[in-house]
*Asks:* 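The structure that follows is given in the form of structure tokens.
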Number of protein chains: 2
Amino acid sequence: MNKNIFSQIYTDYTQRIETGLLKTGIKLPSENEIAEEYATSRETVRKALHLLSQNGYIHKIRGKGSYVLDINRMEFPISGLVSFKELSERLGRPARTLVHETIRIPCPQNVARQLQITEQEEVWKVVRAREIEEEKVILDKDYFLASVIPALTAEIAADSIYAYLEGDCSLKIAYAKKEISVEKVSAEDKRLLDLGRDTHIVVVRNYVHLEDTTLFQYTESRHRLDKFQFVDFARRAVAEE
Amino acid sequence: MNKNIFSQIYTDYTQRIETGLLKTGIKLPSENEIAEEYATSRETVRKALHLLSQNGYIHKIRGKGSYVLDINRMEFPISGLVSFKELSERLGRPARTLVHETIRIPCPQNVARQLQITEQEEVWKVVRAREIEEEKVILDKDYFLASVIPALTAEIAADSIYAYLEGDCSLKIAYAKKEISVEKVSAEDKRLLDLGRDTHIVVVRNYVHLEDTTLFQYTESRHRLDKFQFVDFARRAVAEE
DNA sequence: AAGTGGTCTAGACCACCCT
DNA sequence: GGGTGGTCTAGACCACTTC
């Protein structure tokens, strides 16, 4: 599956750590030992261990070794590009998606600013409410550049747009910027979500870029206050001071 | 200042990008050219460019080159371990810190759970309100393991605890986990902050670890809804599938 | 075919930790 | 002093883009 040696080492260890085979605090074999085990060079092992370290699986200590961390990998939305479908599967809770809109339109003015395009260009607009445990708690408003997406249907929107884009369209997503803030609820929020007496809502603005750096998607993910959680793992900056 | 070649290359390019000398979309010299320029090997250059790529400065495209991204580096709280002082300086706005408590106490029960210690161990408790533009909008409640911190004063708390810890105490901070959620306001929030009619508040729980992996600090940073913003840059996961 | 970034090698020296 | 991770080298081959 993984043709690269370093990613094979990486997935081997993430699996062992996630399944509990390697428990918190356990010391990994030394880089030289792992290199021998995989019949590869030490630099290749270091590449894999660096990735594990960046993603919060292990911590490396000079002169001592690499140790498994206890960061809980099962948290709600792990930092990064994770779709709603992956999330609900991870949670194992009854979850549903209600597709309200799947239309191709000239880009609305406010969205054109976000996507840095003109109002003449066309976009796909998808509006979906996410229901968890019988309550509609998340409203996703997606806008995709129509020029890079041939077709889009309510069926695809109900399933996973990302699987469709990366699979059938073979688009390659490269990076994204998220902005999280809290704003006043809109009339649309009230209409499409179960908000009760809430006056505010968490808004996650997501700007998604392709491999060639084009900004092709802008998403507003609007979460009911009590159902929002975000987890972030960060290392002290390298190469500073 | 930077003795490592790769971090020298890294800071050279972050500065050129941040000052606008290298503008969005500009193509960097090839890895071979940069290696020649710095009289070093290509792998060392690649290490620096990888860091730039991870931190959202550039994007690398196989067969083409590396390009400067337009991710706005001046956003409010950039993902990572950034102190309030760094933030307010970056914003350039009038900011003040009001120190309410700086005491050494046996660890309260609820905090002992967060810090994974017993209630017999002692902790430093620091409570500070952050004022921006004449309004108290952030409440920071910090708890530090007393065993690793000799002394703490209101003066240090008013200045920068991190500068004190990393400078005078030469503690080395390694990594941290953040959890962001929205909760009901507490009586303490109402007393120490200017909340108006707000019923909710953004809570950022921060678990900070040292180089030897000990969890030595737990912080609850409580932000007024309208003053909270979080930005996150993420690349599509490597080494998956 | 030439140039680019992605992966990998087989060494080297260093800084740090432990005994 | 022996083991560990951190940095660096001078090559190599590959996949991809551009001409």
Side-chain angles (χ1 to χ4, degrees), chain A residues 1-11 13 26-54 57-69 170 172 174-175 210-214 235-241, chain B residues 1-11 13 26-54 57-69 170 172 174-175 210-214 235-241:
Chain A
M1 192 69 80
N2 284 314
K3 59 181 175 201
N4 296 335
I5 303 174
F6 84 88
S7 56
Q8 184 60 54
I9 300 175
Y10 176 81
T11 51
Y13 277 96
I26 282 192
K27 184 181 168 182
L28 263 48
S30 76
E31 295 174 348
N32 282 316
E33 286 167 349
I34 298 176
E36 202 170 350
E37 187 186 336
Y38 284 86
T40 185
S41 69
R42 193 178 143 224
E43 279 293 357
T44 300
V45 173
R46 284 180 55 72
K47 196 168 173 181
L49 295 194
H50 177 73
L51 250 185
L52 289 168
S53 157
Q54 284 301 309
Y57 285 96
I58 65 170
H59 183 60
K60 312 177 76 178
I61 306 178
R62 188 204 296 237
K64 294 183 74 174
S66 299
Y67 297 84
V68 176
L69 292 185
S170 65
K172 282 181 187 156
Y175 57 95
L210 298 177
E211 269 303 325
D212 63 359
T213 76
T214 52
R235 296 199 156 270
R236 192 67 172 154
V238 205
E240 281 181 14
E241 89 198 74
Chain B
M1 192 67 81
N2 283 313
K3 59 181 174 200
N4 296 333
I5 302 174
F6 85 88
S7 55
Q8 184 59 55
I9 299 175
Y10 176 82
T11 52
Y13 277 96
I26 282 193
K27 183 181 172 184
L28 262 47
S30 76
E31 295 175 348
N32 283 316
E33 286 167 348
I34 297 175
E36 202 169 350
E37 186 186 338
Y38 284 85
T40 185
S41 70
R42 193 177 144 224
E43 279 291 358
T44 300
V45 173
R46 284 181 55 70
K47 197 169 173 180
L49 295 193
H50 177 73
L51 250 184
L52 290 167
S53 157
Q54 284 301 308
Y57 286 95
I58 66 169
H59 184 61
K60 312 176 77 177
I61 305 178
R62 190 204 296 236
K64 295 183 76 175
S66 299
Y67 297 85
V68 176
L69 292 185
S170 67
K172 282 182 188 154
Y175 57 94
L210 298 178
E211 270 302 324
D212 63 359
T213 77
T214 52
R235 297 199 156 270
R236 191 69 172 153
V238 205
E240 277 178 18
E241 87 198 76

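The sequence lines fix the lettering, A, B, ..., with proteins before strands; numbering per chain opens at 1.
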*Asks:* So, does B:Lys60 get its side chain near the phosphate of C:dT4, meaning an N or O under 4.0 Å from OP1 or OP2?
*Replies:*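 So the side-chain polar atoms of B:Lys60 never come under 4.0 Å of the phosphate oxygens OP1 or OP2 of C:dT4.
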*Asks:* For the pair made of CD1 in A:Ile5 and P in D:dC14, what is the distance, rounded to whole Å?
*Replies:*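 Rounded to the whole Å, the gap is 14 Å.
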*Asks:* When the distance from CD of B:Glu36 to C1' of C:dT4 is rounded to whole Å, what number comes out?
*Replies:*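 In whole Å, C:dT4 C1' and B:Glu36 CD are 15 Å from each other.
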*Asks:* Could you list all N or O pairs between the protein and nucleotides 11-19 of chain C that sit under 3.5 Å apart?
*Replies:*
residue	atom	partner	partner atom	Å
C:dA15	O4'	A:Arg62	NH1	3.1

*Asks:* Considering only NZ, NE, NH1 and NH2 on the basic side and carboxylate oxygens on the acidic side, decide whether B:Glu31 and B:Lys60 come within less than 4.0 Å.
*Replies:*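 A salt bridge is present here (some side-chain N lies under 4.0 Å from a carboxylate O).
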*Asks:* To the nearest Å, how far apart are B:Asn4 CG and D:dC8 C1'?
*Replies:*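 Going from CG in B:Asn4 over to C1' in D:dC8 covers 10 Å.
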*Asks:* Whole angstrom is fine here: how far is it from NZ in B:Lys47 over to P in C:dT7?
*Replies:*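 Between P of C:dT7 and NZ of B:Lys47: 16 Å.
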*Asks:* Would you mind reading off the distance between B:Lys27 atom NZ and C:dG3 atom P, rounded to a whole angstrom?
*Replies:*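 One finds 12 Å between P of C:dG3 and NZ of B:Lys27, rounded.
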*Asks:* Between atom NE2 in B:His59 and atom C1' in C:dG5, what is the gap in whole Å?
*Replies:*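 For the pair B:His59 NE2 and C:dG5 C1', the rounded distance is 11 Å.
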*Asks:* Could you tell me whether the side chains of A:Thr214 and A:Asp212 share a donor-acceptor contact shorter than 3.5 Å?
*Replies:*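 Indeed, the side chains of A:Thr214 and A:Asp212 share at least one donor-acceptor pair under 3.5 Å.
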*Asks:* Relative to the 5' end of DNA chain D, which residue comes earlier, B:Thr40 or A:Pro29, by the nucleotide with the nearest heavy atom?
*Replies:*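 First, find each residue's nearest nucleotide; the 5'-ward one identifies A:Pro29.
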*Asks:* Classify the ring geometry between B:His50 and A:His50 as parallel (under 30°), tilted (30 to 60°) or perpendicular (over 60°).
*Replies:*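 Taking A:His50 first and then B:His50, their aromatic rings stand perpendicular (interplane angle over 60°).
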*Asks:* Surrounding CD of A:Glu37 (heavy atoms of other residues, nucleotides or ligands, distance under 6.0 Å), is the total greater than 12?
*Replies:*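 Enclosed: over 12 neighbouring heavy atoms sit under 6.0 Å from CD of A:Glu37.
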*Asks:* Whole angstrom is fine here: how far is it from CZ in B:Arg46 over to P in C:dT4?
*Replies:*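 One finds 14 Å between P of C:dT4 and CZ of B:Arg46, rounded.
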*Asks:* Testing A:Asn4, A:Thr11, A:Ile5 for side chain to side chain contact (heavy atoms under 4.5 Å, CB included) with A:Gln8, which one passes?
*Replies:*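 Running side chain to side chain contact (heavy atoms under 4.5 Å, CB included) over A:Asn4, A:Thr11, A:Ile5 with A:Gln8 returns exactly one hit, A:Thr11.
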*Asks:* Let me know the distance between CD1 of A:Ile34 and C1' of D:dT4, rounded to the nearest Å.
*Replies:*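 Nearest whole value for this atom pair: 12 Å.
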*Asks:* Please work out whether the ring planes of B:Tyr10 and B:Tyr57 are parallel, tilted or perpendicular, with thresholds of 30° and 60°.
*Replies:*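 Ring orientation, 0 to 90° scale: perpendicular.
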*Asks:* What nucleotide among C:dG5, C:dT9, D:dG5 has an atom nearest to a side-chain atom of A:Ser66?
*Replies:*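 The listed nucleotide nearest to A:Ser66's side chain is D:dG5.
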*Asks:* So, is B:Ser30 close to the C:dG3 phosphate, meaning a side-chain N or O under 4.0 Å from OP1 or OP2?
*Replies:*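 It does not, given that no N or O in the side chain of B:Ser30 lies less than 4.0 Å from OP1 or OP2 of C:dG3.
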*Asks:* For the atom pair CG (B:Leu69) and CG (B:Leu52), what is the distance rounded to the nearest 0.5 Å?
*Replies:*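 CG of B:Leu52 is found 10.0 Å from CG of B:Leu69.
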